[in-house]
4 protein chains.
Amino acid sequence: MTVPEPGSPLDTTGLAVPASAQAARGRPRSEKARKAILKATAALLLERGLAAVSMDAVALRAGVSKATIYRWWPTKEAVALDALYTRWEEAARHPSDTGSLRGDLLELLRPWAGIVRTAPYARVIAALLTRAQTDQVFGAEYRRRIVQPRRDQAREVFLRAVERGEVAADLNLEVALDLIYGPLYHRLLQGHAPLDDAFVTDVVDMVLAGIRLQAG
Amino acid sequence: MTVPEPGSPLDTTGLAVPASAQAARGRPRSEKARKAILKATAALLLERGLAAVSMDAVALRAGVSKATIYRWWPTKEAVALDALYTRWEEAARHPSDTGSLRGDLLELLRPWAGIVRTAPYARVIAALLTRAQTDQVFGAEYRRRIVQPRRDQAREVFLRAVERGEVAADLNLEVALDLIYGPLYHRLLQGHAPLDDAFVTDVVDMVLAGIRLQAG
Amino acid sequence: MTVPEPGSPLDTTGLAVPASAQAARGRPRSEKARKAILKATAALLLERGLAAVSMDAVALRAGVSKATIYRWWPTKEAVALDALYTRWEEAARHPSDTGSLRGDLLELLRPWAGIVRTAPYARVIAALLTRAQTDQVFGAEYRRRIVQPRRDQAREVFLRAVERGEVAADLNLEVALDLIYGPLYHRLLQGHAPLDDAFVTDVVDMVLAGIRLQAG
Amino acid sequence: MTVPEPGSPLDTTGLAVPASAQAARGRPRSEKARKAILKATAALLLERGLAAVSMDAVALRAGVSKATIYRWWPTKEAVALDALYTRWEEAARHPSDTGSLRGDLLELLRPWAGIVRTAPYARVIAALLTRAQTDQVFGAEYRRRIVQPRRDQAREVFLRAVERGEVAADLNLEVALDLIYGPLYHRLLQGHAPLDDAFVTDVVDMVLAGIRLQAG
DNA sequence: CGGTAATCGAGACGGTACGTCATGTCTTACA
DNA sequence: TGTAAGACATGACGTACCGTCTCGATTACCG
């Protein structure tokens, strides 16, 4: 399989028709239509959740035919994933270096928590998650687009802390990442308690210090 | 949270006590139909996920009319929640006392992880979760039935540890619970890495000890 | 196979779900919907031909759901056939006895020609005919409903003429019927010349007398 | 009727002379493509009827682009008509002179009946007929190509009979033609009875002799 | 013991969305 | 200019569920 050019019009979700390197024959894909579809989807997604994102509704709102959507995305979840990714990538930033692991983590996690709790992203993520459980291909793409980028940022922060000597070099990094993001996603999705800045701080502090009474 | 009156329109789950003391006029509810519905739903749920649980399919498989289902449950998610709860309650146990917080947690979490990773429960939970994002009433019921029972078990374990003097009395218990269950649900739902016993152990150990290098 | 009761709500085209003699369980068929569908179809048919009779259009115009149409008719041609039949049956009359074969035939054929040439029935018949070429079941039904009734009327007229001694008793009746209706349908469908009363008269006279010069 | 200029937009059939005397600018029309289109259409037509002749299917099968088809034919019916005409013209013969009207007619009609009843031409003709009801331009072309040629052959036969003195000079020729071809088309299209040689003979004999008992 | 009343099965109903297909138009690059 | 390739808007297709409804048949109680 050829790897799609990053940023090329064919690099939509990886679920789309794979790009070929040869000369582009025939009428080229309409960039206008692509953008209209993603914009309409994002709007529907935030207004009323994935349940409101029907192919018909997107087509109507984007002024585009259903066939055009199906040509490039296999399911409405794929469109939604693409729309969500596009929105989030614009807001992505490089994790800043505050000089301490605690500071870096708070700097990274608080804005993220702020975003996902203000807009109704929880129901979007939950819906995508549901699809990911059943559809292997979609699941991989979901993780690549939604889960991994943030995880990579946090990984960078942890590695910086190792370099500083703040944490042990043999730290189980993957588990540590789950320890950080797990509780945040838990509150986001289960909704049993608020995902506020106080909680983010508590999680970071408790993960760093541990629960058990220090010996002695 | 108020407990819905059995038989009341707010009793969305159908788990009401079959016979109440008040005057029962007319033909009584068919217990046979109730069980057939839950059984058929559970089967469909595990075989093919919530997507396969349509009211028509359940009615057909249970040998019951659609009207009967709608009379007792408002949505298919409510039926599914009921079916899942019924299955899980049978397997519920009182958390045993191993003498240490670490031992109690492992004793509690490992069997749970074993269950949810063997059968395809992840997609069921994800689907219920999705509905919970949008439907407030359902969300409350979902948490009461699925999330809280396990959480209560773990809370009991933590309180025992406080009594033992193993952890500080001012431990932020709710955050601690999220620190334990968050990572487990994270792997269960996001699927980026396995939810095996090694991971459960790592989480417990890391939460207890903390990440940061001990001073010195 | 049970024979549907003539005039019963299940006797639609014979293409519909066959009627059973047992007790009617469940909600009975909506007579209102059935009539609305046939009325809407007939209107579309005469206004713009079978091409305009889409299931969507009929459903919209009749204020009925598509599923209801599909429940009772397999194709739009079946609905159209039913609608056309319903319209025509109302206008059906018993062929009157004028005392002569020529008179009877003219009495029978002229009004028919008048009807089919004034309203745009030709395109409807052509379209049904086309479907009948490919679909055996539909073809049989088409002949039973559209072709046979008129043919039976003419057959009656011919038999009366045999009794009168006007034509030979060993007349090949089926060929004679084709000799009468064939030319009329030919002009109706091929459209190379008008189907007017003069033509009807010419056909009848020529069929009765023959083309060849009488010997001698 | 005016004959469309080859290559003009009114030349809906594509049977135009490939090269005209006037200046041919740009790339000349591909004769290869034209033949491939007609061949593919004829194949689809006989295999599965006009319903299977979609522009996409023809383009795919002929190895041609849809635009090329649309450039030379306005509708799929026009292509089908062209394909059918091409096939039939090859088999066209001059009506032979057997010495009698009866013989000439049988000589002309029997082979025709044989052809149309063996291959599934009926559904093709019915479909073209249907289009002809709605589309005036197509209707005229259909008659010119399909109906008139055979009619002209029969007319020639009748005129020969007039010269022979076999039939009256004031015979209404057009009605006579309908009397011959009408019944044949009737059986071909309505399908209520077979279009075999016996029927052809019966029709000819009955038309020549008439139905009515000869006086005396 | 007959009347009252809620439940049950069956299944038709008006809707909405699905994913596919064909039509006829267009845009591009190549011949 | 013609052609192959193929994207596009449009709109119908036939299917599947949704949640509601209308039946007749059951099955309790209560008077």
Side-chain angles (χ1 to χ4, degrees), chain A residues 9 17 23-30 32-34 51-59 62-72 74-76, chain B residues 7 23-30 32-33 51 53-60 62-72 74-76, chain C residues 9 17 23-30 32-34 51-60 62-72 74-76, chain D residues 24-30 32-33 51-60 62-72 74-76:
Chain A
V17 177
R25 307 242 287 182
R27 181 174 174 174
R29 176 175 185 182
S30 163
K32 188 178 151 198
R34 201 193 118 254
V53 179
S54 71
M55 292 302 214
D56 287 273
V58 171
V64 143
S65 85
K66 268 202 299 178
T68 300
I69 308 179
Y70 277 108
R71 186 183 305 276
W72 300 106
T75 63
K76 65 176 191 169
Chain B
R25 308 243 299 180
R27 179 175 175 173
R29 176 175 185 183
S30 163
K32 188 178 150 199
V53 179
S54 73
M55 290 304 213
D56 287 272
V58 171
L60 182 66
V64 143
S65 87
K66 270 203 298 177
T68 301
I69 308 179
Y70 276 109
R71 181 177 303 276
W72 302 105
T75 65
K76 66 176 191 170
Chain C
V17 178
R25 308 240 288 179
R27 180 174 176 173
R29 176 175 185 183
S30 163
K32 188 179 150 196
R34 201 193 119 252
V53 178
S54 71
M55 291 303 212
D56 286 274
V58 171
L60 182 65
V64 142
S65 86
K66 266 202 299 177
T68 299
I69 309 179
Y70 278 109
R71 187 183 306 277
W72 301 106
T75 64
K76 66 176 190 170
Chain D
R25 309 240 299 180
R27 180 173 173 175
R29 174 173 187 187
S30 163
K32 187 177 150 198
V53 179
S54 72
M55 290 305 213
D56 287 275
V58 171
L60 182 66
V64 144
S65 88
K66 270 202 299 177
T68 302
I69 308 179
Y70 276 109
R71 181 176 303 276
W72 302 106
T75 64
K76 66 175 190 170

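All chains are named by letter (A, B, ...) in the order of the sequence lines, taking the proteins before the strands, and each is independently numbered beginning at 1. Everything numeric in this text was worked out from a predicted model, so none of it was measured.
- With F:dC8, F:dA4, E:dC8 as the candidates, the nucleotide lying closest to the side chain of D:T68 is F:dA4.
- Between A:A51 and C:G63, the residue whose closest nucleotide on DNA chain E is further toward the 5' end is C:G63.
- Note on A:W72: every side-chain N or O is 4.0 Å or more away from OP1 and OP2 of F:dG6.
- Per the geometry, CG belonging to D:D56 stands 12 Å off P belonging to F:dA7, to the nearest Å.
- Here A:S65 pairs with A:T68 under the side-chain hydrogen bond (donor to acceptor under 3.5 Å, both in side chains) rule; sequence neighbours left out.
- C:K66 is linked by a salt bridge (Lys or Arg N to Asp or Glu O under 4.0 Å) to C:D56, counting only residues two or more places apart in sequence or in another chain.
- In this entry the distance linking CZ of A:R34 with C1' of F:dC8 reads 16 Å, nearest Å.
- B:Y70 has its OH atom 21 Å from the C1' atom of E:dA6, to the nearest Å.
- The minimum heavy-atom distance between A:A52 and A:A57, with the atom names listed, is O-CB, 3.9 Å.
- A residue-by-residue look at C:S30 and A:V53 shows that C:S30 has its nearest nucleotide of DNA chain E further toward the 5' end.
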Could you write out each protein N or O paired with an N or O of nucleotides 2-5 of chain E at a distance under 3.5 Å?
none

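- Taking atom CZ of residue B:R29 and atom P of nucleotide E:dA6, one finds them 16 Å apart after rounding to whole Å.
- Following rounding to the nearest Å, D:I69 (CD1) and E:dT23 (C1') show an atom-to-atom distance of 12 Å.
- An OP1 or OP2 oxygen of E:dG9 is reached within less than 4.0 angstrom by a side-chain nitrogen or oxygen of B:S65.
- You'll find that the side chain of A:P28 is closest to E:dT27, out of E:dT27, F:dC8, F:dT3.
- Across all non-hydrogen atoms, the minimal contact from C:M55 to C:T75 is CE-C, 3.5 Å.
- Comparing E:dC8, E:dG19, E:dT23 against the side chain of D:M55 picks out E:dT23 as the nearest.
- Contact between D:A33 and D:V64 at its shortest, heavy atoms only, is CB-CG2, 3.9 Å.
- D:A51 pairs by the side chain to side chain contact (heavy atoms under 4.5 Å, CB included) definition with nothing, not counting sequence neighbours.
- Protein atom NZ of A:K66 is 14 Å distant from nucleotide atom C1' of E:dA22, rounded to whole Å.
- Taking the side chain of B:A67 as heavy atoms from C-beta on, and the options E:dG11, F:dA12, F:dC8, the nearest nucleotide is E:dG11.
- Look at B:S54 and you won't find any side-chain N or O under 4.0 angstrom from OP1 or OP2 of F:dA16.
- As rounded to whole Å, 15 Å separates atom P of E:dC21 from atom NZ of D:K76.
- Cation-pi geometry between A:R34 and A:W72 is not satisfied (NZ or CZ under 6.0 Å from the ring centre, within 45° of the ring normal).
- Taking atom CZ of C:R71 as the reference point, atom C1' of E:dA10 lies 12 Å away to the nearest angstrom.
- Nearest-nucleotide assignment on DNA chain F puts the 5′-proximal partner with A:V64, out of C:A57 and A:V64.
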